[in-house]
Amino acid sequence: MSRMELDLVRLTEADLPGVLELERLVYKQPWTESNFRGEFDRSLTLPLGYKDETLVAGYCFFWLLGPEIHLLNLAVRPEYRRRGLARSLLANMIAVGRRAGVGEVFLEVRHTNQPALSLYQSLGFTLAGRRPDYYDDGEDAAQMTLIL
Ligand SMILES: CC(C)(COP(=O)(O)OP(=O)(O)OC[C@H]1O[C@@H](n2cnc3c(N)ncnc32)[C@H](O)[C@@H]1OP(=O)(O)O)[C@@H](O)C(=O)NCCC(=O)NCCS
């Protein structure tokens, strides 16, 4: 189960079953199938993932919006964590942004999600604010940004 056995690809709707399986495994309020279909159909959305023939091990979905990137969703299967998959997905997102002349990357994260906060901080993201009641269960979001 090393990262080397996985391919880094642009995901397509054909990957939807594996994406949904991972989404439902990881999130208590998962995106729905129609949420994902909407993003696969949206021309400004880039879905990157690590996968093999049997599963999707990790993904990130982001919007490339002219001078900005918005990270929408990021998840890694529990058995593949702490192997650098998320860091690599985000590094690829940032490289796409740099090639496209993006100036800033934005994201929201649950303010109690320490693994994700540590990950983003390790990549240079800084706290930019807090959105109260951002999530359906009432939790606040931390807003983070990275200047490219
Ligand atoms: C957050 C998440 C995507 C990290 O994925 P990952 O592939 O395990 O992360 P990486 O292996 O690339 O970790 C890179 C760095 O992030 C930080 N990090 C990752 N997981 C961490 C944890 N559990 N505790 C503390 N720091 C952590 C570390 O700095 C790590 O570097 P290191 O392993 O050299 O110490 C994964 O835990 C996950 O899917 N969580 C549930 C969904 C989620 O919270 N998504 C983000 C929503 S905003």
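Counting convention: from 1, in listed order, for ligands and their atoms alike.
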Chemist: Could you please provide the protein residues found below 4.0 Å of ligand 1 on a heavy-atom basis, arranged by chain and number?
Modeler: Val26, Tyr27, Leu74, Ala75, Val76, Arg81, Arg82, Arg83, Gly84, Leu85, Ala86, Arg87, Glu108, Val109, Asn113, Pro115, Ala116, Ser118, Leu119, Tyr120

Chemist: One pair to check against salt bridge (Lys or Arg N to Asp or Glu O under 4.0 Å): Asp7 and Lys51. What are the steps and the verdict?
Modeler: CA-CA 5 Å; Asp7 295 318; Lys51 65 173 214 176; over 6 Å; no

Chemist: Answer yes if the side chains of Glu39 and Trp63 hold a donor-acceptor pair under 3.5 Å, and no otherwise.
Modeler: yes

Chemist: Could you tell me which non-hydrogen atom of Met93 sits nearest to which non-hydrogen atom of Val105, and how far apart they are?
Modeler: CE-CG1, 3.7 Å

Chemist: Relative to the ring of His70, is the ring of Phe106 parallel (under 30°), tilted (30 to 60°) or perpendicular (over 60°)?
Modeler: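 Phe106 vs His70 ring planes: parallel.
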
Chemist: Do the ring planes of Phe61 and Tyr59 sit parallel (below 30°), tilted (30 to 60°) or perpendicular (above 60°)?
Modeler: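 Perpendicular: the ring planes of Phe61 and Tyr59 meet at over 60°.
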
Chemist: Apart from Tyr134 itself, which Ile, Leu, Val, Met, Phe, Trp or Tyr residues share its cluster (side-chain heavy atoms under 4.5 Å, direct or through members)?
Modeler: Tyr135

